[in-house]
Number of protein chains: 2
Amino acid sequence: MTYCVGMRIKRGLVFISDTRTSAGVDNFSVSRKMFTWTVPGERKITIMTAGNLATTQSMISLLEERSKSAEERDPSILRQATMFQIARLVGTTLKEVIAASSPAGQTSEDQFRASVIVGGQIEGGQPTIFLIYPEGNFIEITEDTPFFQIGETKYGKPILVRAYDPDLSFDAAVKLLLVSFDSTVKANLGVGLPFDVEVYETDSFSSDRKKRIEATDEIFQSISANWGDALREAFRKLPSYSI
Amino acid sequence: MTYCVGMRIKRGLVFISDTRTSAGVDNFSVSRKMFTWTVPGERKITIMTAGNLATTQSMISLLEERSKSAEERDPSILRQATMFQIARLVGTTLKEVIAASSPAGQTSEDQFRASVIVGGQIEGGQPTIFLIYPEGNFIEITEDTPFFQIGETKYGKPILVRAYDPDLSFDAAVKLLLVSFDSTVKANLGVGLPFDVEVYETDSFSSDRKKRIEATDEIFQSISANWGDALREAFRKLPSYSI
């Protein structure tokens with residue numbers, strides 16, 4: 001399992017992913033699920049992955065390789081002119097990797113499936129985020145749908161729905177995402193710390209603001225502990241229902 | 001989809017179920033999923049069901065029929081001596097109904113599957129709750145697992161985990177369950193109002209305290225609206241995370 005969220009606020013984009021990969025409770029490890037490509041002043045792209053690890057690693061390697069080998073004629077993630085074209089490239093690459101692992105043809109129950117969130121900004125365009133399905137097609141973030149989740153999405157959704165506000169500061173957005181992740185970590189062993197967090201400020205075309213948050217992180221521990229207390233306090237204030 | 005919770009607190013038991021049945025977003029209706037049997041002063045049994053409606057209705061009818069026809073030799077829900085035996089009876093009946101609908105043999109992907117929560121008290125025993133699987137086997141509530149959920153369990157779980165307390169009053173327990181249901185209703189169209197709620201006080205052997213909560217219910221609306229505000233307020237008070 002996995003949990004990743006890409007969120008757009010007025011100030012820019014925020015990405016967060018967990019790092020636990022598991023093939024059963026007796027076989028788990030830490031693996032990065034967030035990957036970034038930056039051309040300072042020109043583009044900043046972040047990809048987060050959920051699903052079959054062989055599929056997602058292969059997809060990232062193909063995207064990496066293509067961006068590095070000069071003689072390679074295939075489209076590169078650094079050569080696309082728009083975020084839409086990047087979403088198409090990632091979708092095509094993902095579909096290709098899954099197809100290569102599924103000799104009998106891809107099906108909706110395919111164990112090689114994976115989902116991807118791609119976000120960022122290219123000079124001349126606005127910052128945006130896409131959710132890419134294993135079939136290679138995708139949807140784009142809108143004002144009505146200001147965040148995408150992949151992986152174990154349910155436990156952490158209610159708080160996102162309730163507390164999201166396009167005017168959030170980056171600090172508040174990170175806090176909101178950490179609360180959502182905390183609820184998920186408490187409910188699904190397949191989602192675990194450390195988390196990778198990245199904040200992207202519109203028109204900065206830089207990837208300076210990122211951090212790996214470990215389980216020992218004091219602010220995260222404080223958010224986690226205080227959230228439990230705050231919830232109980234908020235709950236106490238609600239009107240009771242007598243039956 | 002469905003959402004039902006059976007919870008044990010020190011004062012007794014609380015049950016709550018939604019009433020929406022759906023076979024797709026264009027085919028849904030209201031159907032009771034909570035059923036009670038009471039012998040005043042002697043026993044009080046509540047059953048809640050999730051899953052295939054034909055299966056659960058058939059199971060309830062069999063349990064009902066058996067309890068009503070005097071000449072019927074099969075075990076009746078009103079003749080079992082303990083809650084454990086009632087859980088066995090319900091499990092056997094459920095398994096039987098599923099088997100009758102699955103000529104090729106029951107499988108774990110069976111579309112005729114259903115899950116059941118059975119709770120109550122019989123004179124001489126303690127109030128307890130069982131979760132019954134489609135295979136007919138079951139688990140019992142404990143101090144470490146003080147509530148069972150069936151149906152769409154994920155959205156509403158974090159608040160239950162955070163705010164449950166064995167010392168809750170009945171009013172507070174109902175409020176907690178309504179908050180959990182509110183989060184679920186907001187996230188899954190397959191769960192909907194009205195809700196059926198029942199409160200059972202230990203050793204009362206009565207089913208006086210039950211209510212159907214409609215979407216127009218003022219206290220529920222107030223809980224729902226205030227919970228959003230309370231969450232946002234609680235969220236604001238948390239320490240921010242600067243990256």
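Side chains included, hydrogens not; waters and symmetry mates left out as well; all remaining heavy atoms used. Throughout, protein chains are lettered first and strands after them, A, B, ... in sequence-line order, and every chain is numbered starting at 1.
Chain B forms more heavy-atom pairs under 4.5 Å with one residue of A:V174, A:N188, A:D208, A:T184 than with any other, namely A:V174. Taking chain B as the reference chain and counting heavy-atom pairs below 4.5 Å, the highest number among A:L176, A:V197, A:V199, A:I159 is found for A:L176.
Residue contact with chain B, scored on non-hydrogen atoms closer than 4.5 Å, is absent for A:D165. Using a 4.5 Å cut-off between heavy atoms, A:L178 touches chain B through its side chain atoms alone. Residue contact with chain A, scored on non-hydrogen atoms closer than 4.5 Å, is absent for B:D229. For chain B, the nearby part of A:V179 is the side chain; its heavy atoms alone come within less than 4.5 Å. With a 4.5 angstrom heavy-atom cutoff, A:E198 does not touch chain B via any of its atoms.
The two atoms that bring A:N226 and B:P239 nearest to each other are ND2-CD, 3.9 Å, heavy atoms only. A:S240 approaches B:I219 most closely through the heavy-atom pair O-CG2, 3.6 Å. Smallest separation of non-hydrogen atoms from A:I243 and B:R209: O-NE, 2.8 Å. Of all heavy-atom pairs between A:Y241 and B:F220, the closest is CE1-N, 4.0 Å.
With values rounded to the nearest 0.5 angstrom, B:L168 atom CG is found 6.0 Å from A:F235 atom CZ. Rounding to the nearest 0.5 angstrom, the gap separating the NZ atom in A:K157 from the NZ atom in B:K186 is 12.5 Å. Atom-to-atom distance recorded for A:K154:NZ and B:S183:OG is 13.5 Å, nearest 0.5 angstrom.
Side-chain atoms of A:K175 come within 3.5 Å of backbone atoms of B:L238 as a donor-acceptor pair (strictly under, hydrogens ignored). Put simply, the side chain of B:R162 never gets that close to the backbone of A:R232: no donor and acceptor are under 3.5 Å apart.
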